[in-house]
Amino acid sequence: MGDNRKVKFVALFMAAILAMATVSMSASAANGNWGLSFPEDGKPPVIDVKPELLARHNAVYMGDASKKRLYLTFDAGYESGHTPSILDTLKRHEVPAAFFVVGHYIQSSPEIVRRMCDEGHIVGNHTFHHPDMSQITDMARFKSELESLEALYKQATGKDMPRYYRPPQGRFSESNLKMAHEMGCKTVFWSLAYKDWVQDSQPTREYAFSKLIPRTHPGAVVLLHNTSKTNADILDELLAKWKAEGYTFGTIDEL
């Protein structure tokens, strides 16, 4: 991909990601946004979607709340140079993760995608173009976003893409959940995240730990962004802290 196209994609991706500021850390203001609030430290968040709706359409956001087990996931829209370090740390700690990638990521960094696979991580579907999927109402367009990414993944790795789907920006509709389910996909949201995606305003180590550690809860599906320098810098210490608190790590296959 040419430099101009890459710059344009990164700009569009970051504009979309910024929208998550209003939906990932507090109750959402509009229908179709994945929203969380954390009224009590160490406990699962309150979500603004009925759990039975998620269950009906094979969607998940956390694991068993009675077990001190975490599920680490990364959203990967583009490569900012930090993913190799993240992979090194995961390998050193023997911790599995899921990376939700878009078309640009596979096109620009196929060797890193292959490394993710080779080292036992799950690579999930974050759509080809990273659009607002809640605005897509017909099955043909919905399938195109997911299946075009699956084809690109197969071309890059020689493997079929695991059928895990994460809506860009956490934006969705019930019909989206239904369409993903009909395609045989599990929709994977999250129950723990923090504001880590703004490249020009990366959080400090202290801020990251102040948001992540108190809100960690049994069964948490953790969302981090691979583009974050802070995440790459703190991941070794973060994993050690979680292990010291008695947490183990699973894969989203368990959810």
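Source: prediction; values computed, not measured.
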**Pair listing, salt bridge (Lys or Arg N to Asp or Glu O under 4.0 Å) test, anchored in residues 182-193, at least two apart** = K178-E182
**Request:** Write down the atom of L224, the atom of L72, and the distance for their closest heavy-atom approach.
**Result:** CD1-CD1, 3.9 Å
**Asked** Counting only N and O atoms by type, is there a donor-acceptor contact under 3.5 Å from the side chain of N125 to the main-chain atoms of T127?
**Response** yes
**Asked** Can you check whether N226 reaches Y105 side chain to side chain, under 4.5 Å on heavy atoms?
**Response** yes
**Ion pair check, D118 and R114, cut-off under 4.0 Å** = no
**Prompt:** Just wondering, do T73 and F100 contact through their side chains at under 4.5 Å, heavy atoms?
**Reply:** yes
**Message:** Once you measure the plane-to-plane angle for W34 and F189, does it fall in the parallel (<30°), tilted (30-60°) or perpendicular (>60°) bin?
**Reply:** parallel
**Message:** Parallel, tilted or perpendicular, judged at 30° and 60°: which one describes the rings of Y207 and Y194?
**Reply:** tilted
**Request:** State, to 0.1 Å, how close L152 and F128 come at their nearest heavy-atom pair, and which atoms those are.
**Result:** CD2-CE1, 3.8 Å
**Asked** Looking only at heavy atoms, which two atoms of M161 and V101 are closest? And how far apart?
**Response** CE-CG2, 4.0 Å
**Message:** Is the distance from the ring center of Y165 to that of F172 below 6.0 Å?
**Reply:** no
**Closest approach of G103 to L149 (non-hydrogen atoms, all atoms of both residues)** = N-CD1, 3.2 Å
**Check ion pair K143-D138 (N to O, under 4.0 angstrom)** = no
**Asked** Is the shortest heavy-atom distance from the side chain of L192 to the side chain of L36 under 4.5 Å?
**Response** no
**Prompt:** Are H126 and D75 close enough that some pair of their side-chain heavy atoms sits under 4.5 Å apart?
**Reply:** yes
**Asked** Between V188 and P167, which heavy-atom pair has the shortest distance, and what is it?
**Response** O-CD, 4.4 Å
**Residue pairs fulfilling salt bridge (Lys or Arg N to Asp or Glu O under 4.0 Å) with at least one residue in residues 148-158, sequence neighbours excluded** = E150-R163, K154-D160
**Pairs flagged by salt bridge (Lys or Arg N to Asp or Glu O under 4.0 Å) wherever residues 243-255 is involved - sequence neighbours left out** = R69-E254
**Asked** Does CD belonging to E94 count more than 12 external heavy atoms closer than 6.0 Å?
**Response** no
**Request:** Supply the atom-to-atom distance S144 OG to M139 CE, rounded to the nearest 0.5 angstrom.
**Result:** 12.0 Å
**Message:** Side chains of H181 and N58: any donor to acceptor distance under 3.5 Å?
**Reply:** no
**Item:** Considering all heavy atoms, the nearest H121-V95 contact
**Value:** CE1-O, 3.4 Å
**Asked** So, Q107 side chain and P110 main chain: donor-acceptor pair closer than 3.5 Å or not?
**Response** no
**Message:** Can a donor-acceptor pair be found, under 3.5 Å and without considering hydrogens, that links the side chain of T187 to the backbone of A59?
**Reply:** no
